[in-house]
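First the structure, in the form of C-alpha cells, and then the observations on it.
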There are 2 protein chains.
Amino acid sequence: MNLKQLSHMLSLSQTTVSRALNGYPEVSEETRRRVMDAAKRHGYRPNPSARRLATGKSGMIGYVLPTGASVDIDPHFVEFLSGLGDYARSHELDLVLSPADADDEETTYRRIVANRQVDAVYISSPRPADRRLALVNTLGIPFIVHGRSEGLDFDYPYLDIDNEGAFHEAARLLLQLGHKRLALINGNERETFAIHRERGVRRALAASGMTLGERHIRSVTMTEENGYRAARRLLEEAEPPTAIVCSSLIMALGVVRAVRDLGLTIPGDLSLIAHDDVFPWLRPENFPVPLSTTRSSIRLAGARVAERLAARISGLEEGARGEVWPVDLVVRGSVAGAPV
Amino acid sequence: MNLKQLSHMLSLSQTTVSRALNGYPEVSEETRRRVMDAAKRHGYRPNPSARRLATGKSGMIGYVLPTGASVDIDPHFVEFLSGLGDYARSHELDLVLSPADADDEETTYRRIVANRQVDAVYISSPRPADRRLALVNTLGIPFIVHGRSEGLDFDYPYLDIDNEGAFHEAARLLLQLGHKRLALINGNERETFAIHRERGVRRALAASGMTLGERHIRSVTMTEENGYRAARRLLEEAEPPTAIVCSSLIMALGVVRAVRDLGLTIPGDLSLIAHDDVFPWLRPENFPVPLSTTRSSIRLAGARVAERLAARISGLEEGARGEVWPVDLVVRGSVAGAPV
DNA sequence: CAAGTTAGCCAAAGCGCTTTGGAACACTCT
DNA sequence: AGAGTGTTCCAAAGCGCTTTGGCTAACTTG
C-alpha cells in the first residue's frame with residue numbers, strides 16, 4: 001500500500017493525501033479525517049526510503065564508533081545506550097552506529113553527513129581541542145556532545161556532569177578527615193573528564209595549602225588491572241597515600257585487591273572514594289567495604305542526550321547550550337579519619 | 001556531484017555510467033576506465049538514499065535493542081559490538097540499532113523489514129522456541145542468530161559456542177579432583193545458553209553416577225550481587241558444595257566476595273571455575289586467586305557474525321548452517337582437590 | 001551475402017515520496 | 001458587479017539512482 005494507491009482509492013491527489021497525513025494546513029478538516037481514517041484502516045506507512053530521498057531526513061541519529069583490533073569500546077557505552085535507546089524508542093528514532101578506523105574518524109563523519117544518513121549525531125569522550133567537534137560544527141549537522149572539550153574557539157551544545165566539582169568535594173571530605181597524602185587514580189589524561197577531575201582534586205588540596213605530587217597521580221585506561229597496578233605503586237612508596245580518589249568502579253576493584261594483597265585494610269589504612277556511573281551489575285554498596293562514591297547515572301545522561309537530539313532535529317532546541325549536572329557524593333564505609 | 005552531472009561531463013548516458021561503476025558487463029573496458037577515473041577525480045559518491053529507493057538495499061545491518069526502564073543491556077553486548085564493528089568497518093556496513101519495547105519486539109522487527117531499513121539482522125540471547133526466530137524466518141530477511149534456540153520446527157543459521165561441552169569439561173575436571181558436591185551458578189534459565197551449560201554439568205555428574213540437586217543450581221541475572229547471594233546461600237547450607245561452576249566473571253566476583261565473607265578460601269575450601277567472555281577490563285588471571293575459566297572471545301564471535309551477515313547479504317552464504325565453536329578450558333589456581 | 005549474434009550504448013520508466021505553482025471556487029467588501 | 005481574499009485541491013516536477021527494452025554497428029555463420 002503506497003501513497004498512489006491510497007490517494008486513488010480516496011479519489012484524491014497524492015498531494016492532498018500527503019499533506020493531510022503530514023498535518024499541513026491547506027487541507028480541510030473533513031478531508032484530513034477521511035484520509036487519516038483510510039490510512040489507518042489500510043495500514044498505510046509511508047516508505048522511509050522515498051521520504052528520505054525527497055526530504056533528506058532519515059529519522060535516525062548517528063554515532064561514529066571507533067574500532068580497531070586494539071580498540072576497546074568503553075563498557076560505559078552500553079549503559080549510556082540503554083538510556084538513549086529508551087528515549088529513542090518512544091520517538092521512533094533509530095540509532096546508527098558507523099564503525100570507523102579509530103585513527104581516522106573524520107572520513108566517516110564526512111561520509112554520514114554528505115550522505116545525509118542521519119539527522120543528528122552525538123559525540124562522546126571528547127578531548128581538549130577535539131577535532132571532531134570542529135569538524136561536526138562546520139559540517140553543520142545537529143549534534144550534542146556528551147562531555148566537554150576545552151580550548152575551542154566556538155561554543156557548542158553539550159551535556160556533562162560536574163566532574164571537577166565532584167572530585168573537589170571528594171577530596172575536600174578526605175582532607176577534612178585529616179588526610180595529608182592524597183592520590184588520584186584517573187582515567188586517560190587526554191580526555192577532558194579526567195582533566196576536570198584532576199583539577200577538582202588539585203583545587204581542594206590548594207585550599208588547604210597542599211599540592212598533588214607527580215607521583216601521586218596516575219592516568220590509565222579504566223581496567224581492573226590498571227587500578228591494581230596503580231594502587232600497588234602508590235602504596236608501596238616510602239610515604240604511601242592514606243586516601244585515594246579513583247575514577248571508576250572497575251578500577252576500584254583493582255585498588256581493593258591491591259590493598260588486600262599488601263595486607264592493608266580499608267578504611268583503616270586507606271580511605272577510598274570512586275566515581276560510580278551506576279552499573280546494574282556492579283554496585284558500590286556491595287564492595288567488601290561499602291564504597292563511597294561520586295555518583296551520576298550515565299544512563300540518565302543517555303536519555304537526556306537523546307531527548308535534546310530529538311529537540312534539535314525538530315528545531316525546538318538551538319544554539320550552544322551547555323548543561324552540567326551536579327554529582328552526588330555518597331559516603332559509605334570506605335572512608336575514615338586519617339590513620340595516626 | 002551526482003550521476004547526472006557526471007554522465008553529462010563524460011558525454012555518456014546515466015545508464016552507462018551507472019553500469020560502469022557497478023561492474024556490469026555490458027560496458028567496454030575502456031569506457032569503464034574513463035568513468036571510474038572521472039568518478040574518483042571528482043569524488044563522486046552515489047547517493048545512498050536514492051540507491052536505496054531504487055534497489056531496496058540499504059547497506060546496513062540491524063539489531064533490535066530491547067529497552068525499557070527496567071531493562072538492562074547485557075554488558076557483553078559492547079564486546080560483541082567491538083568485533084562486529086571491526087569487521088563491518090572494513091566493508092562499509094553500518095549497524096542500526098532499533099530500540100524496541102522489551103515486551104513487544106515483534107512490531108519493531110516487522111517495521112524494519114517492511115521499511116527495508118536493513119539488509120540483514122542478527123539476533124542475540126535466543127531462548128528455546130524463541131518467537132523472534134520464527135518471525136524473522138517468515139519475514140524472509142537474511143539473519144544470523146548469535147546463540148541457539150531449541151524446539152523449533154525449522155533450521156536457521158547460527159553461531160554459537162559449545163556451552164554444553166565447556167561446562168561438561170569444567171564439571172568433569174572437578175569430579176576428577178574428587179569433588180562430590182558441585183553447584184552451578186547459572187545465568188537466566190530461560191536462555192538457551194544457560195540450559196546448555198546446565199546440561200553439560202548434569203551430563204558430567206551423571207557419568208559419575210551423581211545428580212545435581214535442585215538446591216545446587218541457581219539461575220539469576222549475571223550481576224556481582226546475584227553471584228554473591230547465590231554463593232552465600234549455597235555455602236551456608238548444611239553440606240555446602242566444595243566446587244562451583246559459574247556462568248560469568250562478573251558473578252564470580254560476587255562468589256569470591258562471599259567466600260571471603262564466610263572466612264573460607266579458594267581453592268582450599270572451594271574450587272571455582274567461571275565462564276570468561278574475555279573482557280579487556282576484567283581478567284580472570286587477576287582475581288585474588290587466578291580464576292580457572294572456560295574461555296571464548298565474544299568479540300571474535302561478533303566479527304564472525306558480521307562476516308557471515310555480509311556473506312548472506314551478497315548471496316555468498318545460504319541455507320541454515322550452524323556453527324559451533326569449541327571452548328577452551330583454562331586451568332588456573334582456583335581449582336584443587338576436594339577438601340578431605 | 002542474407003540472417004543471426006553480440007557488444008556497447010541510450011532514452012525513459014520506474015522507486016514512492018514531498019513540494020512548487022497554479023486553478024477553481026466560494027466568500028467578503030466597496 | 002467587480003475586485004480582492006481565502007480555502008481547498010491538483011498536476012507535475014523534482015529527489016538521484018537502477019533497470020528495462022531497444023537501437024545501432026560490427027561481427028559471425030552457413
Side-chain angles (χ1 to χ4, degrees), chain A residues 1-36 38-39 42-60 92 111-119 313-315, chain B residues 1-36 38-39 42-60 92 111-119 313-315:
Chain A
M1 169 70 42
N2 58 23
L3 185 60
K4 194 169 179 180
Q5 294 166 24
L6 183 64
S7 58
H8 196 256
M9 76 182 2
L10 282 165
S11 303
L12 283 172
S13 73
Q14 297 191 33
T15 309
T16 304
V17 175
S18 170
R19 289 188 158 149
L21 259 21
N22 293 322
Y24 282 70
E26 51 270 85
V27 76
S28 74
E29 271 317 310
E30 192 211 320
T31 312
R32 189 189 305 280
R33 228 183 303 277
R34 263 181 66 218
V35 171
M36 294 283 223
H42 295 85
Y44 168 73
R45 302 271 284 164
N47 176 318
S49 303
R51 166 175 281 177
R52 165 187 305 204
L53 179 58
T55 63
K57 296 277 174 189
S58 67
M60 315 207 207
E92 294 228 358
R111 188 195 85 210
I112 65 180
V113 171
N115 290 347
R116 299 174 149 271
Q117 289 199 85
V118 296
D119 297 338
I313 290 173
S314 52
Chain B
M1 167 70 43
N2 58 21
L3 185 60
K4 192 170 179 179
Q5 295 166 22
L6 183 64
S7 60
H8 194 257
M9 75 182 4
L10 282 164
S11 303
L12 283 172
S13 74
Q14 298 190 33
T15 309
T16 304
V17 175
S18 171
R19 290 188 154 147
L21 258 21
N22 293 322
Y24 281 70
E26 51 270 84
V27 77
S28 75
E29 271 316 309
E30 192 210 320
T31 313
R32 187 187 306 280
R33 226 182 305 277
R34 261 182 67 216
V35 172
M36 295 282 224
H42 296 85
Y44 168 73
R45 304 269 288 164
N47 177 318
S49 301
R51 167 175 279 177
R52 164 186 304 203
L53 179 59
T55 63
K57 296 277 174 190
S58 67
M60 314 209 219
E92 295 228 355
R111 189 194 85 209
I112 65 179
V113 170
N115 290 347
R116 301 175 148 269
Q117 289 201 85
V118 295
D119 298 338
I313 290 173
S314 52

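All values below come from the heavy atoms of this structure, side chains included, with hydrogens, waters and symmetry mates left out. All chains are named by letter (A, B, ...) in the order of the sequence lines, taking the proteins before the strands, and each is independently numbered beginning at 1.
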Do the side chain of A:Arg32 and the main chain of A:Ala20 share a donor and acceptor less than 3.5 angstrom apart? yes

So what does A:Ser11 hit on the nucleic acid, given a heavy-atom distance under 4.0 Å: a base, only sugar-phosphate, or nothing? sugar-phosphate

Here the distance between atom C1' of D:dC10 and atom NZ of A:Lys4, to the nearest Å, is 15 Å

So which nucleotide from D:dT8, C:dC17, D:dG16 ends up closest to the side chain of A:Asn2? C:dC17

Would you kindly give the CD-to-C1' distance between B:Glu26 and D:dT19, to the nearest whole Å? 10 Å

Backbone N/O of B:Arg51 and side chain of B:Thr55: donor-acceptor pair under 3.5 Å: yes

Got a sec? Which of residues 42-57 of chain A come in under 4.0 Å of DNA chain D, heavy atoms? A:Leu53, A:Ala54

Under 4.0 Å: is that the gap between some side-chain N or O of B:Tyr24 and OP1 or OP2 of D:dT19? yes

Residues from residues 15-22 of chain A sitting under 4.0 Å of DNA chain C, heavy atoms only? A:Thr15, A:Ser18, A:Arg19, A:Asn22

Ignoring hydrogens and geometry beyond distance, is a side-chain donor-acceptor pair present between A:Ser18 and A:Thr15 at under 3.5 Å? no

Just wondering, do A:Asn115 and B:Ser49 contact through their side chains at under 4.5 Å, heavy atoms? no

B:Ala38 backbone acceptor or donor facing B:His42 side chain under 3.5 Å: yes

Sidechain-backbone polar pair: B:Arg34 side chain, B:Leu10 backbone, donor-acceptor under 3.5 Å: yes

For the backbone of B:Ile313 and the side chain of B:Asp119, can you confirm whether one donor and one acceptor N or O come within less than 3.5 Å of each other? no

